[in-house]
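Chain identifiers are assigned alphabetically (A, B, ...) following the order of the sequence lines, protein sequences preceding nucleic acid strands; residue numbering begins at 1 within each chain.
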2 protein chains.
Amino acid sequence: MTTLTDVTESATSKGEQTRELILSTALRLFREQGYGKTTMRAIATEAGVSVGNAYYYYSSKDHLMQAYYDHLQDQHRDAVESILAAETSFVPRLTGVLRTWLEVAAPYHEFAGTFFKTAADPKSPLSPFSDQSRPAREASVEIFRRVVDGSDLKLPAELKAELPELLWLMQMGIVLFWVHDDTEDLHRTKALIDRSVPLVDRLLRLTRIPGVRGVVNDLVGLIRSIKP
Amino acid sequence: MTTLTDVTESATSKGEQTRELILSTALRLFREQGYGKTTMRAIATEAGVSVGNAYYYYSSKDHLMQAYYDHLQDQHRDAVESILAAETSFVPRLTGVLRTWLEVAAPYHEFAGTFFKTAADPKSPLSPFSDQSRPAREASVEIFRRVVDGSDLKLPAELKAELPELLWLMQMGIVLFWVHDDTEDLHRTKALIDRSVPLVDRLLRLTRIPGVRGVVNDLVGLIRSIKP
DNA sequence: CCGACGACTTGAACATGTTCAAAAACCAGT
DNA sequence: ACTGGTTTTTGAACATGTTCAAGTCGTCGG
């Protein structure tokens, strides 16, 4: 299991070291006092650099969040590996991947609200639909593609091709639920995952019924038509 | 069809007049130059009051958006009346209600991005899931309840009871799509509405198939369990 | 008319994200 | 070691949302 300070591990050149120092300081402060209460001045002071220097490496406070998000993605990708290697049935694969996200993101739960606030702005590079977050998005969809491909699911090809993106969308929904979930130990979000995944599984198996098939095809067609 | 300046119609006391003046000035500037570029100072100057005075009536810039949102809701509720009165089949009823939203909100399309940015913050009173926006949300769900109840849809009772909230959620999704839609004349969002509504209709009719019925019941159960 | 009380209004002051011109540090190439 | 250029660093200045102590106005009981 990786930790936060890992971000400094791969530091090499002088400039890179400063960059990583600023990032890890920022993330620590975000975690300790929340995003809103953490000022750029505080980040700079704690990191032992000037305000302007922080802006030299991160052109805005939001970009520090972007960096955090990328870091989170990496952690999730790594943490999910063992599940994808060991498990072959669809339900535990998907459940595992989604619950792993919760674990990885847990330390930042409170701060995540502000993150998604920024991400909701279509003009922000942090928007999950923006061009700039395409790499992160595709990396995330890739995880779900592996969930599907490595499982015992039998599905019509067109649906199987779209499914990873749909699961990614499902995760977006769960994340939205998560940021609003202030129950102890996040048990409502966990319950949502544990109950919705089997439901998805049953829904997918329903596509064998002829009457359902036509609707699903239209649905896939609709999704294709609105995607780009 | 009501217009923006209507907000001043019901003005009575001195204070109320100033309040409405500030709001209409703010909305005009938001529309003309976007939310970000409109400063509180500009609003105050244009309205002929001091900055502090604007804060006396609206405790933050976000609250001016909240007020805008309420205004939008009212307009939508009124504009939808004729459709609900004239039409009895489900598809045109729902399509009409959704497209009417587009028309009412159109002048604020660009500014809406910023609106949903704020609304995405779980701690913001503008969040569609917050306590403070409960009245607006319930009013909106009420519209969809009328869409369902006044239509020729035949559905199992449990599903019919949950459907209005599901349609409200669908509208949230469409709005999310809308804020990202920068095509000419919003034709992608319109296409989404025109194609997804018949699909929803067909999906709902599928619930008559016994195999589907069980899954739908579980789905309704899941939704109920996570609602409060 | 007086005074007092609340509603309203003001603008300067504050906090914080961001910019930028200048200084410092660093790094060849000679 | 010197010089020219590039990278990095600095901190003061700026823009803008927000607060607040003080002022003004309107009204109502006496």
- Query: Roughly how many Å is it from CD in A/E20 to P in D/dT8, rounded to a whole number?
  - Reply: 13 Å
- Query: Just how far, in rounded Å, is P of C/dG17 from CG of A/L64?
  - Reply: 11 Å
- Message: In this structure, how many angstroms lie between the C1' atom of D/dT18 and the CG atom of B/D62, rounded?
- Response: 12 Å
- Message: Between A/E32 and A/R28, does the salt bridge (Lys or Arg N to Asp or Glu O under 4.0 Å) criterion hold? Intermediate values first, please.
- Response: CA-CA 6 Å; A/E32 285 173 8; A/R28 177 169 61 78; 3.4 Å; yes
- Thinking salt bridges, do A/E81 and A/R146 make one under a 4.0 Å N-O criterion? yes
- Query: What's the shortest heavy-atom distance between A/D149 and A/K160, and which atoms?
  - Reply: OD1-CE, 4.1 Å
At a cut-off of 3.5 Å, list every protein nitrogen or oxygen paired with a nitrogen or oxygen from nucleotides 4-7 of chain C, distance to 0.1 Å.
none

- Message: Can you confirm if the NZ or CZ of A/R19 lies within 45° of the ring axis of A/Y58 and under 6.0 Å from the centre of its six-membered ring?
- Response: yes
- Item | Residue B/E110 excluded, over 12 heavy atoms near CD under 6.0 Å | no
- Message: In this structure, how many angstroms lie between the C1' atom of C/dT16 and the CG atom of A/L29, rounded?
- Response: 15 Å
- Whole-Å distance separating the OH atom of B/Y55 from the P atom of D/dT19: 7 Å
- Note on the structure: Residue pair A/V51/B/G52 against DNA chain D: nearer the 5' end by closest nucleotide is A/V51
- Rounded interatomic separation in angstrom, taking CD from B/Q17 and P from C/dT9: 10 Å
- Query: Do B/D62 and B/S60 get their side chains close enough for a donor-acceptor pair, meaning under 3.5 Å?
  - Reply: no
- Between A/S59 and C/dT18, does any side-chain N or O lie under 4.0 Å from OP1 or OP2? no
Taking only distance into account, with no hydrogens and no angle test, what donor-acceptor pairs under 3.5 Å do side-chain atoms of residues 190-197 of chain B form with protein atoms, sequence neighbours excluded?
unit_1 : atom_1 : unit_2 : atom_2 : d
B/K190 : NZ     : B/D185 : O      : 3.4
B/D194 : OD1    : B/R99  : NH1    : 3.1
B/D194 : OD2    : B/R99  : NH1    : 2.6
B/R195 : NH1    : A/S225 : OG     : 3.1
B/S196 : OG     : B/L192 : O      : 2.6

- Between A/S60 and B/A54, just flag the one whose closest nucleotide in DNA chain C comes earlier from the 5' side. B/A54
- Between B/T18 and C/dT9, is there a side-chain N or O to OP1/OP2 distance below 4.0 Å? yes
- Message: What is the separation between atom NZ on A/K37 and atom C1' on C/dG17, rounded to the nearest whole Å?
- Response: 18 Å
- Please state how far atom CG in A/N53 lies from atom C1' in C/dA24, giving the value in whole angstrom units. 12 Å
- Task: Establish, for the pair A/K37 and A/F30, whether the NZ or CZ atom is under 6.0 angstrom from the six-membered ring centre and no further than 45 degrees off its axis.
- Result: no
- Message: For A/D182, is there any backbone N or O sitting under 3.5 Å from a side-chain donor or acceptor partner on A/R188?
- Response: no
- Distance test, side-chain N/O of B/Y57 to OP1/OP2 of C/dT9, below 4.0 Å: yes
- Query: What is the nucleic acid contact for A/V49, judged by heavy atoms within less than 4.0 Å: base, sugar-phosphate only, or nothing?
  - Reply: sugar-phosphate
- Query: Among residues 39-48 of chain A, which residues get a heavy atom nearer than 4.0 Å to DNA chain C?
  - Reply: A/T39, A/M40, A/R41
